[in-house]
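Quick one: the structure is below, questions incoming.
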2 protein chains.
Amino acid sequence: VNPKAEQAEGFPGIRAAADIRALEGGADLAVVALPAPYVEEALRGCAEAGVPVAVVISSGFREAGNAEGERRLAAMARGRGPRIIGPNCAGVMSTGSRLFASIEVRALPGRTAFITQSGAVGGAVLALAGQRGIGFSKFVSYGNRADLGELELIEYLAADEETAVIALYLESITRGAELLEVIAACSRRKPFLVIKAGRTSSGSRAAGSHTGCLAGSEEVCEAALRRCGAIRAAGIEELLDLCDGFASLPPLRGGRIAIVTNSGGPGILAADRAEELGLSVAEPGPTTRRELQGFLSGRCALGNPIDLTVEGTGANYERTLRAMLASDCDGAIAINVATPFLDSVALARGVAAAAAHRSPPPSWPGRWWRRACGC
Amino acid sequence: VNPKAEQAEGFPGIRAAADIRALEGGADLAVVALPAPYVEEALRGCAEAGVPVAVVISSGFREAGNAEGERRLAAMARGRGPRIIGPNCAGVMSTGSRLFASIEVRALPGRTAFITQSGAVGGAVLALAGQRGIGFSKFVSYGNRADLGELELIEYLAADEETAVIALYLESITRGAELLEVIAACSRRKPFLVIKAGRTSSGSRAAGSHTGCLAGSEEVCEAALRRCGAIRAAGIEELLDLCDGFASLPPLRGGRIAIVTNSGGPGILAADRAEELGLSVAEPGPTTRRELQGFLSGRCALGNPIDLTVEGTGANYERTLRAMLASDCDGAIAINVATPFLDSVALARGVAAAAAHRSPPPSWPGRWWRRACGC
């Protein structure tokens, strides 16, 4: 919609409408990317055209001292509509329906929904996720949160079948009690991850000037989020690691882990980390040990980690993993330190064959993921 | 040297010698990559040929239950020589002299020396460092440590002019008191980083079977390393981050940090992390604030972090960083969240221009790096 253009820029063959009220067939969603002074009039047009939701990318509201302008948008949303995401946001994506109404790079399809108060953090997460091949079901940057915010989004995503994991980047909390209720309800159904920024005095001061809200007391916030079953990530990398794991892996039935490796050092590091997280890295029992001795060379360490050494083959990975998972363990970590003289693909095939023998449990029990995060 | 070959394999035009004693001009270093039963005889040849040091890649010694074979190698090293690195190691590199006597991928040149008890961890570090463009002065995988170990290597590297930072991956400690002395002396001169694996009971048990030594008590080890000025890294990624920082950046004179960003959220995350590490992210004083107001738009947040917003230019980065560093701050973090519609190179030029105005301090004061690591 552009009163000054005949053609929609970047969409050859699509004619621009002069006014949203003239748009044939109406619209399900409006994306408003106009200078701040024109936003209100555009939203009035949306209301009259019956558009239910508008994503307002435009900045120049509360974050720039224009609290009155933002108040007027909020009042419209409470009145004749449309409901508003933003202003001062980076837009929304729904990969399942190929909707990319955002100024950020397109997300790959995936099972994690990411909602963020900061558009730039959203962009950084999407960029890093793209490099690592991690995808998203939904992406919502909601900026100043004049109307719809994390509360409504979490409630929606908790019931969204395309979303297995929900991740939130949050700077400031306004409706605290309601938020905790919504998170508690959500975390009974799906892993709920959060980065809470503004944890320190300088971070909190900066959060105040960023989206015009005050960050809360760190201790209270930390304790409350934990009680609601939220899993806190320290930063973007950890958040993506957790999303990737939760979206890809079936839940653990218990905490007993087998570590199968072809090199000692990385196996030890994995054992250290697993034990620090409260998992059990127990040695195989006598029956399993005898079974392993039946096909592994005497050079292999048969404790746990089980070190197949550099001579480990795909078949050895498969048989070892199957033996451990059949008897002593609830889950396994397979490590391959890829060196130029090894056929890593053959080893990966062995690991995949072992995994194919495990069927995921019939349903995901409540909060199964909390043990894996040490919380 | 190969009694069965005329040509050195992989080195066209280089003739193979049948025996090291027949090698014209002798050798400064021998790399022994023979099956275990032939290693002793090869080392005897090295001794007679006057080769001072041998790197023994071969496995099949203490880690495989052959303690007697390893004892004999150690006895040779204590006797007529040569001194031994290994056995059961991945070799050595010295990028400055283009020496790559290792089975791992070649390291890029750099200022960090990395020494590792585990060859596979060494390989993983080199691979990740290569992806990130992080280089090394020296790389030593010393495996079973029959003769030369971390003690001798740290002592050497502390005095090595090509090495600004030393990083160690360690599974087990044998000569504890001496090691702590050497680390304490080293850390007065250069940042000394360590990953100590085998911290937990299962990790420690695995370390025992990996290189045939017992890992020590975690609490004692942690406290002792800290007292000696060693900086512990939790894993490979953190180790590389620290190496990269210490090798690239001049030391801080004090702990006051400016954060200059073009997007709020990442600035808040940086402020949180800086404050958690004990750094001060103080707001600019009135004089600096007036100076900043002279050239920054009213939309910029002038606290600390200073948010230049998406409109931040290279010139604004330069002037803001220079103003902060000239008055209130000892160091600065510049953040650019690269979006497709920004010219990130222009912004980087502004940051580089500001950095060029800072001369590094005349000398690096003792243990300046400890504050930056929160230790």
Side-chain angles (χ1 to χ4, degrees), chain A residues 59-60 63-65 103-105 116-124 127 169 171 195 197-207 209-211 235-237 259 262-269 271-276 280-283 298-299 301 303-305 307 309 337-341, chain B residues 59-60 63-65 103-105 116-124 127 169 171 195 197-207 209-211 235-237 259 262-269 271-276 280-283 298-299 301 303-305 307 309 337-341:
Chain A
S59 59
E63 89 289 353
I103 54 176
E104 299 297 343
V105 293
T116 174
Q117 201 172 350
S118 159
V121 167
Y169 170 85
E171 286 174 5
I195 297 180
R199 299 187 302 274
T200 62
S201 63
S202 51
S204 164
R205 173 165 42 68
S209 69
H210 183 214
T211 43
I236 288 174
E237 284 92 348
I259 299 172
N262 59 357
S263 52
I268 299 168
L269 291 174
D272 279 343
R273 184 72 187 131
E275 202 171 312
E276 282 165 0
S280 156
V281 188
E283 295 191 84
R299 279 186 294 279
N304 188 8
D307 186 354
T309 79
V337 173
T339 45
F341 48 83
Chain B
S59 58
E63 89 288 352
I103 55 175
E104 299 297 342
V105 292
T116 174
Q117 201 173 349
S118 159
V121 168
Y169 170 85
E171 286 174 4
I195 296 180
R199 300 186 302 274
T200 62
S201 63
S202 50
S204 163
R205 173 166 41 70
S209 69
H210 183 213
T211 44
I236 289 174
E237 284 92 348
I259 298 171
N262 60 356
S263 51
I268 298 169
L269 290 174
D272 279 343
R273 184 72 186 132
E275 203 171 311
E276 282 166 0
S280 156
V281 188
E283 295 192 83
R299 279 185 294 278
N304 189 9
D307 186 354
T309 79
V337 173
T339 44
F341 47 84

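Residue numbers begin at 1 in each chain, while the letters A, B, ... track the order of the sequences.
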Is chain A contacted by the side chain of B/Ile259, its backbone, both, or neither, given a heavy-atom distance below 4.5 Å?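 Neither part; nothing is under 4.5 Å.
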Quick check for you: among A/Ile236, A/Val105, A/Leu269, which has the greatest number of heavy-atom pairs under 4.5 Å with chain B?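 Among A/Ile236, A/Val105, A/Leu269, the one with the most close pairs to chain B is A/Leu269.
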Less than 4.5 Å apart, side chain to side chain, heavy atoms only: is that true for A/Val121 and B/Ile268?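 No. Closest side-chain heavy atoms not under 4.5 Å.
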side-chain contact (heavy atoms from CB on, under 4.5 Å) against A/Glu276, all qualifying residues, sequence neighbours excluded: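 Checked A/Glu276 against side-chain contact (heavy atoms from CB on, under 4.5 Å); matches are A/Arg273, B/Arg199, B/Thr200.
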Distance-only, no hydrogens or angles: does the A/Asp272 side chain make a donor-acceptor pair with backbone N or O of B/Ala197 under 3.5 Å?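 No, A/Asp272 side chain to B/Ala197 backbone: no donor-acceptor pair under 3.5 Å.
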I'd like to know which of A/Gly123, A/Gly298, A/Gly303, A/Ser201 tops the heavy-atom pair count under 4.5 Å against chain B.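 Top count of heavy-atom pairs under 4.5 Å with chain B: A/Ser201.
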Who are the salt bridge (charged side-chain N to carboxylate O under 4.0 Å, His left out) partners of B/Glu283, not counting sequence neighbours?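 Partners of B/Glu283 under the salt bridge (charged side-chain N to carboxylate O under 4.0 Å, His left out) test: A/Arg205, B/Arg289.
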Return the minimal non-hydrogen interatomic distance between B/Pro266 and A/Ser118, and the atom names on each side.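 Closest approach of B/Pro266 to A/Ser118, heavy atoms only: CD-OG, 4.1 Å.
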Atom group of B/Thr309 that falls short of 4.5 Å from chain A, counting heavy atoms: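 No part of B/Thr309 comes within 4.5 Å of chain A.
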Testing the basics here: between B/Glu171 and A/Gly265, what is the closest heavy-atom pair and its distance to 0.1 Å?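 Distance-wise, the nearest heavy atoms are OE2-CA, 3.2 Å.
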